[in-house]
Amino acid sequence: MSQENPFLELFEKQKAQQYQIGNTTYKERIAKLKRLQHALENTYKQAIREALFQDFKKPHLETDLTEIYPVIDEIKFTISNLKAWLKPEKVATPISMLGSSSYIVNEPKGVCLIISPWNYPINLTFGPLVSAIAGGNTVVLKPSEMTPHTSKIMARIVADLFDDNEIALVEGEVETSTALLELPFNHIFFTGSPTVGKIVMKAASKNLTSVTLELGGKSPAIIDDSSNLEKAVQKIVYGKCTNAGQTCIAPDYVLIQESLKPDFIKLFKKEVHAFYSDNPESSDSYSRIVNKKHFERLTDSLEDAKQKDSIVEVGGRTNPSDCYMEPTLISGLTEDTTLMQEEIFGPILPLKTYKTIEEAVDYVNSNEKPLALYIFSKKNKVIDFVIENTRAGSTCVNHNLLQFLNHNLPFGGSNNSGIGKSHGVFGFREFTNQRSVLKQHTIGAVDLLMPPYNSWKQKLVDLTIKWF
């Protein structure tokens, strides 16, 4: 590690403070969380709305629902449970260790780094921060440079609420993240793409730093002929078009029973009209793509699909000057199209058909494990079959996105879609070390078995192996 690292001084300040912060009581940690809650709910609420509108025309209601509310809910849930989470957990001690007791302590990991993405900057920066504060850590936050207005507001909030030797936010581009990753943090929480996740994990390995990686992937939605198709389409349009599809758990493609395809297309068009009118570009309820780079990535992917004889069933219109892309449904895609190879992260929905549920499951399993998998069916047999024969970070039945909002459920991926979990007690555990403690109270069996060894002690060992 170079002494010229621009963040070394900040890191050392937090490192020096970590034990003082780590020894704070649950009441002191709750007080910090309440300050953050008040800032998001009151002091900075309108500024957050305006910043997100400047960054990608996110509607205020959508900001409240998808950015502010999940963090407030996480704070409330944590406040209600933190005292219990911090209590030493008594565990059983084997009879062979008679005379001792055992328990587990959730101790802070120490100095933590949270690198957050641009698609839900408030939610995915402050959500993990709640867990880090609950765990008693010092934290450096690095938000995305792609949402500069929101990053500036977050920097103001953090500077207003915390000393930088406890919690600090640094802005910058790739070189900033690279410099931070050189430092020997005790834990790194990263949200982003699998490609960058591998870079983070490689950097962390140099210091044997533990990681939580919230990644992504191609999350499928499977619809069978027992489902309420109208409701299924309505929910999928909502899940796909919220934040203009820039959501890690948005349905990335639909697998639908072959006979339902014509009706799905008609209903998709109907629901887009119901949500956003005939011209979504004029709707106050529809966001924009975050920047020109991502807009061009999406338009290139759409053009690639068209050139390979895919059919745009609904939508497809764009406006480069405003980074606008209409909700788009596309069918007839071949597997070599970019839309079927990479996570879309935009308002384009591929539609694929299947004849049997086994065929649909086989297709899902031919790809990397998704972050989320959605099932629309009224048949428990089908639902159970899909869950039992696929692997995914999370699953929602007869809806989408909602699993993210239940803090009693762990949120995270599996392998390519992520490592580790967040939300509620699961997020708290990511930012703490489960430290085992055994206390010896009286003389124990092991004390009787210390050298020098003899035949009597051998008999005791034989009895222990046989009976205990």
Side-chain angles (χ1 to χ4, degrees), residues 216-240 245 248-272 301 304-305 308-314 327-344 348-403 413-417:
K218 299 188 71 61
S219 298
I222 300 173
I223 305 175
D224 80 353
D225 59 4
S226 72
S227 65
N228 182 327
L229 188 59
E230 188 168 1
K231 287 291 184 185
V233 175
Q234 180 188 58
K235 291 167 183 176
I236 285 171
V237 170
Y238 171 73
K240 184 63 176 178
C248 60
I249 53 171
D252 203 79
Y253 62 95
V254 169
L255 285 166
I256 192 165
Q257 208 143 8
E258 208 168 45
S259 61
L260 300 178
K261 179 181 174 181
D263 289 337
F264 184 97
I265 294 167
K266 289 176 190 173
L267 288 167
F268 187 93
K269 188 172 186 177
K270 174 188 170 188
E271 294 301 335
V272 168
S301 295
D304 168 68
K308 292 172 181 172
D309 299 324
S310 302
I311 302 165
V312 176
E313 304 284 2
V314 179
T328 299
L329 181 67
I330 189 166
S331 68
L333 290 134
T334 54
E335 291 305 306
D336 63 342
T337 53
T338 309
L339 290 173
M340 296 312 298
Q341 290 292 316
E342 299 173 5
E343 183 179 6
I344 296 169
I348 306 169
L349 185 64
L351 182 64
K352 289 182 68 70
T353 61
Y354 67 89
K355 292 178 181 177
T356 66
I357 195 65
E358 290 81 6
E359 182 187 339
V361 163
D362 287 344
Y363 181 80
V364 171
N365 290 338
S366 69
N367 299 299
E368 296 279 8
K369 297 176 188 175
L371 182 57
L373 185 148
Y374 302 112
I375 308 165
F376 291 86
S377 174
K378 291 179 182 176
K379 296 177 182 175
N380 286 329
K381 188 176 179 180
V382 170
I383 294 165
D384 292 344
F385 177 81
V386 174
I387 292 173
E388 289 166 9
N389 291 281
T390 57
R391 300 292 180 265
S394 66
T395 287
C396 189
V397 178
N398 293 323
H399 218 304
N400 53 180
L401 311 189
L402 295 189
Q403 73 275 21
S414 178
N415 297 131
N416 195 68
S417 55

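Residue indices begin at 1 and follow the sequence shown. Predicted model, so just to flag it, every value in this text is computed and none were measured.
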Just by distance, do the side chain of [X] and the backbone of [Y] share a donor-acceptor pair under 3.5 Å?
X      : Y      : value
Thr328 : Ile348 : no
Asn400 : Lys235 : yes
Lys378 : Ser227 : no

Just wondering, do [Y] and [X] contact through their side chains at under 4.5 Å, heavy atoms?
X      : Y      : value
Phe264 : Leu351 : yes
Ile357 : Ile222 : yes
Ile344 : Pro350 : yes
Ile311 : Ile330 : no
Pro220 : Pro370 : yes

Any side-chain hydrogen bond (donor to acceptor under 3.5 Å, both in side chains) pairs touching residues 253-262, not counting sequence neighbours?
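Pairs touching residues 253-262 that pass the test: none.
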Closest heavy-atom pair and its distance - [X], [Y]:
X      : Y      : value
Gly332 : Ser310 : O-OG, 3.6 Å
Cys248 : Ser219 : O-OG, 4.1 Å
Glu368 : Asn416 : OE1-CB, 3.5 Å

Listed by chain and number, what are the side-chain hydrogen bond (donor to acceptor under 3.5 Å, both in side chains) partners of [X], not counting sequence neighbours?
X      : result
Lys308 : Asp304
Thr337 : none
Ser226 : Asp224, Ser377
Asp309 : none

Check the pair Asp362, Val364 against side-chain contact (heavy atoms from CB on, under 4.5 Å), reporting the backbone distance first and the verdict last.
CA-CA 6 Å; Asp362 287 344; Val364 171; over 6 Å; no
Identify, with sequence neighbours excluded, every residue that meets side chain to side chain contact (heavy atoms under 4.5 Å, CB included) alongside [X].
X      : answer
Lys352 : Leu255, Glu335, Met340, Tyr363
Gln234 : Lys231, Glu271, Phe275
Asn415 : Lys369
Ser301 : Thr338, Leu339

Stepwise side-chain contact (heavy atoms from CB on, under 4.5 Å) test for Phe268 and Val237
CA-CA 7 Å; Phe268 187 93; Val237 170; 3.6 Å; yes
Supply the atom-to-atom distance [X] [atom1] to [Y] [atom2], rounded to the nearest 0.5 angstrom.
X      : Y      : atom1 : atom2 : value
Glu342 : Asp252 : CD    : CG    : 10.5 Å
Ser331 : Ile265 : OG    : CD1   : 5.5 Å
Ile256 : Phe376 : CD1   : CZ    : 10.5 Å

side-chain contact (heavy atoms from CB on, under 4.5 Å) assessment of Leu373 paired with Thr390
CA-CA 9 Å; Leu373 185 148; Thr390 57; 3.8 Å; yes
Identify the residue among Leu402, Ile249, Val397, Ile223 that makes a side-chain contact (heavy atoms from CB on, under 4.5 Å) with Tyr374.
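The passing option is Ile249.
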Residues in salt bridge (Lys or Arg N to Asp or Glu O under 4.0 Å) with Glu230, at least two apart?
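Here the qualifying residues are Lys270.
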For residues 379-389, please give each side-chain donor-acceptor pair under 3.5 Å, one per line with the distance, not counting sequence neighbours.
unit_1: Asn389; atom_1: ND2; unit_2: Phe385; atom_2: O; d: 2.8

